[in-house]
Amino acid sequence: LNLVTKGARPIKVSAEKAIYRQPAFSPDGSKIVFVKEDGNDHQGYTFVKNPGIYWMPSGGGSASMVTKEGGWPQFSKDGSRIYYQTGGGTKSVKSVKTDGTDERTLATSRNAMRMLLSPDEKWLAYSQAYKVYIAAIPQTGKTLDMDAKSDNFPQSQIARDAGINLHWSGDSKQIHWTLGDEYFTDDLKDRFRFVDGAPSSLPAMDSVGIKIGLSIKSDVPAGKIALTGARIITMEGDEVIEDGVIIINKNMIEAVGKRGTVTIPGDVKVIDVQGKTILPGFIDAHAHIGNFRYGLSPQKQWQYYANLAFGVTSSHDPSSNSEMIFSQSEMVKAGAMVGPRIFSTGTILYGADGLSRTAINNIDDARSAIRRTKAFGAFSVKSYNQPRRDQRQQIIQASRELNVEVVPEGGSNYFMNMSMVMDGHTSIEHNIPVVPLYKDALTMWGNSGTAYTPTLIVNFGGMAGEYYWYQHTNVWENEKLLAFTPRSIIDSRSRHRTMVPEKEYEIGHILTSQTCKKLSDAGVKVNVGAHGQLQGMGVHWEIWMLAQGGMTPLEALRSATLNGASLMGMDHQMGSLKAGKLADLIVLDKNPLENIQNSNSVSYTMINGRLYESATMNEVGNSPRARSRFFWEQSGYSPNFNWHEESNSLPGCVCQEH
């Protein structure tokens, strides 16, 4: 924990290592209250003992625990108490003395997501259903029940679409928030007539904020690379180039062709890949890549490395925490993190009851929801279990107006899925739970333009495909997988495996896969989506399962490359190997056209022109760089999380400490 004074360097004031979050000063500046977090799968579980809310002198010294529960702590106006928020479902704003005694509850709410007390303790700002409200606190001494529909105390909506990062001005006269790259401010006098200085007519909510204007250059590597001698599966039609050459200039493909037809410049680094196979990087069109939490981003995220190591160069995450996923997407673009290209819907538009519900009752509700999602950087939204068809249609209309794709989920409901196809959704996420589909459904879907991401790995209506591979392969012995995934995750899923008769799979994911082949033949673009079940490896399972249903190796590989690019409207930039497209490609040791399971022989992964050795994820090519250690490789970490039983190092990998 560091203290920064004006015009000075940070001063370390904490005495121990921890994951420190949400610091706040006391009114006189003499104390700091903060949260010590427990661990997570991004940053590990070291230095996270005794999590909770603490305070300490701002000049340094020992930290005193206040309470084990809650977060978002702040001092009372006289500095004698600490307020904090608790609850996963019903939320509460509580306060205690600095020694943790004399607990009181100021407010509760079944529907609020975030509640924030003003410094003068007279107002409470809170978010509900992604809208933001301010309420005047009646001085009754009783616990308040906060809800946007309540009329037993004065309150007003302040944010038209959403409010993130809520914070008060020091004099409690203004509330501030952000949405995407805009910063908003609202005055209490503009929301309540009884506040001093209020105008005779209160203004409308402001829909335009101050542009933050942060601009960072995208990462582009220097130099040229030529890969020579390989078989090149371009995904341009059925084209396969034997003894081919591909030239990469910075992050773009400059030339592709048979040896002798492509001139290799003198300033290029030549890498001989004779006998190997090159194809576009895989695109995981339904990839949950581990960003459901809030908090600090790690320096590197193992899920990203696992995907790259197995050849996944682009991921579309159709449900995630907006703040985390889009900030990391931008860090990857800027070269501050290593990872695949990250696309996402961010937070889903959920129709079922609960804190995360997005209520769509008219077209304006839909427009607000799409504006909120797009403000973070989403080009797609997920319409999830919106119960009425007109609600789903309103989301589609608003999305078309704002140039945003809509990927829905129908909750394993065949008739809902069919209406989604007829209404013109971008894709159907997860498989149709009915087999077989007959000519009427196949023809209608084939003419619709709606794509299909079946996620056979979590098959609806039958045995999920994931269990097939746990049953038929010793996943816990896959050294590459273990190099980029905590051992605890692999062992818990694969060693204690479900064993079922083969017939269960024949009438499970394989029947669903046969329907995928029929839909593909009818003109539906079928995509690979591994659902985050096993990062990286899951994409190969999904490719292989499409082949189990009758797709040819080339058809299955197209589902993992060009089809996914087309789904995202990015097929002009990725998904095939062609001059002028982005340099996202993989090099396989074996030919996947001979045996589709050879897709899992990735020796090199190139993302945005940077070339990585897949076994180690050390960068090679024009900018050699060894990767640093993951949290479970650090000295002293529990051997239960380390795949190599005798050492903390990876064979063949030169790793650097942080």
Side-chain angles (χ1 to χ4, degrees), residues 283-288 316-320 343-352 358-363 365-374 378-434 437 440-456 458 460-461 512 515-516 518-520 522-529 531 559 563-571:
I283 297 173
D284 191 343
H286 189 119
H288 299 300
H316 179 242
D317 191 330
S319 175
S320 193
F343 307 92
S344 181
T345 64
T347 302
I348 57 176
L349 307 185
Y350 195 52
T358 301
I360 306 293
N361 292 312
N362 52 59
I363 186 62
D365 285 345
R367 288 169 179 147
S368 179
I370 305 302
R371 286 194 298 262
R372 163 174 56 85
T373 304
K374 188 175 180 178
F379 75 97
S380 61
V381 296
K382 186 171 185 177
S383 175
Y384 190 0
N385 281 347
Q386 291 290 337
R388 301 194 317 271
R389 189 175 182 184
D390 68 323
Q391 293 170 309
R392 302 193 293 273
Q393 291 171 336
Q394 287 160 2
I395 291 173
I396 291 175
Q397 179 182 334
S399 296
R400 285 175 175 167
E401 292 172 0
L402 294 166
N403 197 30
V404 170
E405 296 184 352
V406 184
V407 296
E409 184 169 335
S412 192
N413 184 308
Y414 171 77
F415 295 103
M416 184 183 291
N417 285 143
M418 289 296 102
S419 75
M420 289 172 168
V421 173
M422 288 187 282
D423 287 343
H425 285 83
T426 307
S427 70
I428 299 299
E429 301 297 298
H430 294 301
N431 67 287
I432 304 299
V434 173
L437 291 185
D440 57 347
L442 295 171
T443 303
M444 182 272 291
W445 199 338
N447 290 330
S448 70
T450 296
Y452 187 31
T453 311
T455 63
L456 301 167
V458 288
F460 288 165
T512 304
T515 297
C516 293
K518 292 179 180 179
L519 285 166
S520 179
V524 176
K525 290 186 177 180
V526 178
N527 312 293
V528 162
H531 199 252
S559 293
N563 284 6
S566 176
L567 170 72
M568 297 188 293
M570 299 289 289
D571 47 325

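Remark: Lys374 NZ is packed, more than 12 non-hydrogen atoms of other residues, nucleotides or ligands lying under 6.0 Å away.
No side-chain heavy atom of Ile428 sits less than 4.5 Å from a side-chain heavy atom of Thr453. Side chains of Ile283 and Met568 form a contact here, defined as non-hydrogen atoms less than 4.5 Å apart. Between His288 and Ser319, the closest side-chain pair of non-hydrogen atoms falls below 4.5 Å. With contacts defined as side-chain heavy-atom distances shorter than 4.5 Å, the pair Asp423/Ile396 qualifies. Put simply, the side chain of Thr426 does not reach to within 4.5 Å of the side chain of Ser380, judged on heavy atoms. Two residues are said to be in side-chain contact when any heavy atoms from C-beta on lie closer than 4.5 Å; Ile432 and Met418 meet this criterion. Counting heavy atoms from C-beta on, the side chains of Asn527 and His286 never come closer than 4.5 Å. Here the side chains of Ile370 and Ile395 are in contact, with some heavy-atom distance below 4.5 Å.
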- Using the side-chain contact (heavy atoms from CB on, under 4.5 Å) rule, take Leu402 and Arg371 through it: C-alpha gap first, then chi angles, then the decisive distance, then the call. CA-CA 8 Å; Leu402 294 166; Arg371 286 194 298 262; 3.9 Å; yes
- Audit row: Tyr452, Asn431, side-chain contact (heavy atoms from CB on, under 4.5 Å) steps and yes/no: CA-CA 8 Å; Tyr452 187 31; Asn431 67 287; 3.3 Å; yes
- Item | Candidate pair Leu567 and Lys525, rule side-chain contact (heavy atoms from CB on, under 4.5 Å), full reasoning | CA-CA 8 Å; Leu567 170 72; Lys525 290 186 177 180; over 6 Å; no
- Steps toward side-chain contact (heavy atoms from CB on, under 4.5 Å) verdict (Gln394, Gln386): CA-CA 10 Å; Gln394 287 160 2; Gln386 291 290 337; over 6 Å; no
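Between the Ser412 side chain and the Pro433 main chain, no donor and acceptor come within less than 3.5 Å of each other. Remark: side-chain polar atoms of Ser419 are paired, donor with acceptor, to backbone N or O of Met416 under 3.5 angstrom.
For Glu405, the side chain to side chain donor-acceptor pair (under 3.5 Å) criterion is met by no residue, not counting sequence neighbours. Looking at residues two or more places apart in sequence or on another chain, you find a side chain to side chain donor-acceptor pair (under 3.5 Å) between Asp390 and Arg388. Considering only residues two or more places apart in sequence or on other chains, Ala369 meets the side-chain contact (heavy atoms from CB on, under 4.5 Å) condition with Leu349, Thr358, Ile360, Arg372. Here Lys518 pairs with nothing under the side chain to side chain donor-acceptor pair (under 3.5 Å) rule; sequence neighbours left out. Evaluation of the side chain to side chain donor-acceptor pair (under 3.5 Å) rule for Ser427 yields Glu429 as partners, not counting sequence neighbours.
Here the CE-CG distance, from Met420 to Asn413, works out to 8.5 Å after rounding to the nearest 0.5 Å. Atom-to-atom distance recorded for Met444:CE and Met422:CE is 5.0 Å, nearest 0.5 angstrom. To the nearest 0.5 Å, atoms NE2 (His531) and CG (Asp284) are separated by 10.5 Å.
The two residues Leu442 and Ala522 have their closest heavy-atom pair at O-CB, 3.7 Å. When all heavy atoms of Ser383 and Val406 are compared, the closest pair comes out as CB-CG1, 3.9 Å. Residue Pro318 comes nearest to Ala287 through the heavy atom pair CD-N, 3.8 Å, listed as atom of the first residue, atom of the second, then distance.
No side-chain N or O of Ser344 forms a donor-acceptor pair with one of Asp317 less than 3.5 Å apart. A donor and an acceptor atom, one from each side chain of His425 and Thr450, are nowhere located under 3.5 Å apart. Between the side chains of Gln393 and Gln397, no donor-acceptor pair is found at a separation under 3.5 Å.
Pairs passing the ring pair (Phe, Tyr, Trp, His ring centres under 6.0 Å) check and including a residue from residues 378-411, sequence neighbours excluded, read His316-Phe379, Phe343-Phe379, Tyr350-Tyr384.
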